[in-house]
There are 2 protein chains.
Amino acid sequence: MSTNDIAGGMNTKASSVTDMLKKLADKNLAEYIPYKGTRLTQNGINCATQIIRKHRLWEVFLVEKLDFSWDEVHEVAEQLEHIQSRKLIDELDKLLNFPKYDPHGDPIPDAQGNYEKTVKTAISQLEKGQSGILAGVHDTSTRFLQYLDKHQIELGTQIQLLELEAFDGSCLIKTDLKELHISKTIADNLYLKVL
Amino acid sequence: MSTNDIAGGMNTKASSVTDMLKKLADKNLAEYIPYKGTRLTQNGINCATQIIRKHRLWEVFLVEKLDFSWDEVHEVAEQLEHIQSRKLIDELDKLLNFPKYDPHGDPIPDAQGNYEKTVKTAISQLEKGQSGILAGVHDTSTRFLQYLDKHQIELGTQIQLLELEAFDGSCLIKTDLKELHISKTIADNLYLKVL
DNA sequence: ATTAAAATTTAGTCTTGCCTAAAAAACAGG
DNA sequence: CCTGTTTTTTAGGCAAGACTAAATTTTAAT
C-alpha cells in the first residue's frame, strides 16, 4: 500500500499516515520501508481480521435484533467494533447464531479468523447474457444502498446482464421483477456469485 | 462536589480534575467556582442521566442476552455506554422490553430521563427484627458480587435482620435458605426495600 | 487573629494524533 | 541520464488529557 492511497481512503493527510505507519511498525503490525510503501504483517492481518469480525457481527446484530436497515449500520458498527471484550464478541456471535455474512454480503471471520472467500464478480466484468446472485456490494454509502432498495435489489436477488454498452460501460440488467438500466458506477459496485 | 473527591473517585489527580472542570463549565455542563467546588448544571444532569441510561441498559443486555453474570458486566458496559446513537439505545431498550432495573437493582432512566426513586435502606440502618427485599447493592466489584452469589443472595431475596452487634456493626441475617453472619462492610452495601 | 496544614489551582511538561509547509526521494518523459 | 513532477517524509506546531511540582487559597487549631 502506498502512503497516499491510505491517506485518501482515510480522510487524513499523508504526513499523518507516515507517523502512524511508524507506530504500527514498532508494534509489529506492519512492515514499513520509507518511500517504498507498507504492508501488514501476519500479526497485523490477524488483528485487522478480528476488528472486521467485530464490525460485521455488530452489523448483523443491528439489522437482525434492532431493526436497523442495511444502510444505517455502518457508522454505528464503526464505533462498536472498537469495544474490547473477547467474551462479548463470542457471545454476540452465539446470539446471532454464528452468521457467515454481514448485511452487505461480506463474509464474517470466525473466532480463529477464518472466513469464506467466495469468488464474486462485478456486473461490469460479466459477459453479456451471464447471470448470478447478488452476493455483495462494494460501496456501502447510504445513498447507494437506498438506491438499491428503491429498485428492489437486495442480497440474493438474481440478476442477468442483458446488454453492456461499450461506450460508457453502462448496462441493462434484469431481475425477477423488472429490467433496469444502470451506470458503470453502479455496475462496478454490484458483486455477483456467477451461476 | 470537591475537586479532591472527584479525583479520588476517578483514579486521577486533582489538577487534572481542575482542568476538566473548566472545560465542563465552558460547555455548560457544570457550575464551577475556583476553590469552592462544583456541581452539575441541569444540562449536565440530563447528559449524565442519558449515559447512566445507556450503561444500565447495556448491563441488562449483557446479562439477559449474552449470558454474562452480574459481576462481569460493569467494565464492558463502561465501554459501551459511550457509543453515540440515539436509535441504537432506544432500539436496545425495546429489545430488552423496557426494563426498569439493571442487574444490580439500580433504576434505568427512560428516554426522557425519568426513573423510579425507590427508598432503599442499607441493612446496617435497619432496626433489629425488620425485614425487606434486596433491591440494590452499593459496591459492584466482582469480589463482592461473587461473595453474594456464594451465599445465594440475589436481588429479590428476602432478608431479615436478626441481630445487630453494636460493637463492630456486624450482624446476623436470615434469608429463606439460611442464617448468615455478615460484617458491617457487607451490611452497608446491601440495600433493602423495607417491608 | 494567626499560622500551619490541607485543599486547590497554576505553571510547565509529556504523549498522542493530527496538521501545514518545506525538504528529500522516486519517477517519468524527453 | 537528466530534470521537472509527484510522492513521501521531515520538521515544527497545535489541542487534548494527563501528570509533577510550585504557588495560592481555604480551613482549622491554638
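By convention in this document, chain letters (A, B, ...) are assigned in the order of the sequence lines, proteins followed by strands, and residues within each chain are numbered from 1. Please read all numbers here as calculations on a predicted model, not as lab measurements.
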field: Start and end of chain A contact along DNA chain C [non-hydrogen atoms, under 4.0 Å]
entry: C:dG17 to C:dA26

message: Between B:Glu116 and B:Lys100 (salt bridge meaning N to carboxylate O under 4.0 Å), is one present in this structure?
response: no

side-chain contact (heavy atoms from CB on, under 4.5 Å) between A:Gln158 and A:Ser131, worked out: CA-CA 7 Å; A:Gln158 183 165 341; A:Ser131 59; 4.1 Å; yes

Solution key, residues 62-76 of chain B side-chain donor-acceptor pairs under 3.5 Å, sequence neighbours excluded:
residue	atom	partner	partner atom	Å
B:Asp67	OD2	A:Lys94	NZ	3.4
B:Ser69	OG	B:Asp71	OD1	2.9
B:Ser69	OG	B:Glu72	OE1	3.3
B:Trp70	NE1	B:Asp149	OD1	3.3
B:Trp70	NE1	B:Asp149	OD2	3.4
B:Asp71	OD2	B:Gln146	NE2	3.0
B:Glu72	OE1	A:Lys87	NZ	3.2
B:Glu72	OE1	B:Ser69	N	2.9
B:Glu72	OE2	A:Lys87	NZ	3.4
B:His74	ND1	B:His55	NE2	3.3
B:His74	NE2	B:Glu78	OE2	3.1

task: With DNA chain C as reference, determine whether A:Ala14 or B:Asp5 sits nearer its 5' end, using the nearest nucleotide of each.
output: B:Asp5

Return a table of donor-acceptor pairs under 3.5 angstrom between the side chains of residues 12-35 of chain B and protein atoms on other chains or two or more places apart.
residue	atom	partner	partner atom	Å
B:Thr18	OG1	B:Ala14	O	3.2

- prompt: Which distance, rounded to the nearest 0.5 Å, do you find between the CG of A:Leu161 and the CG of A:Leu172?
  reply: 8.0 Å

Note: B:Asp93-B:Arg53 ion pair, threshold 4.0 Å (strictly below): yes

- prompt: Quick one: how far along DNA chain D does chain A reach, first to last nucleotide 5' to 3', anything under 4.0 Å to a heavy atom?
  reply: D:dT7 to D:dT10

- request: Output the residues of residues 15-24 of chain A in contact with DNA chain D, where contact means a heavy atom of the residue under 4.0 Å from an atom of the strand; sort by number or write none.
  value: A:Ser15, A:Thr18, A:Lys22

- prompt: Where along residues 28-40 of chain A does a heavy atom come under 4.0 Å from DNA chain C, residue by residue in number order?
  reply: A:Tyr35

- prompt: With under 30° as parallel and over 60° as perpendicular, where do the rings of A:Phe144 and A:Tyr147 fit, or are they tilted in between?
  reply: parallel

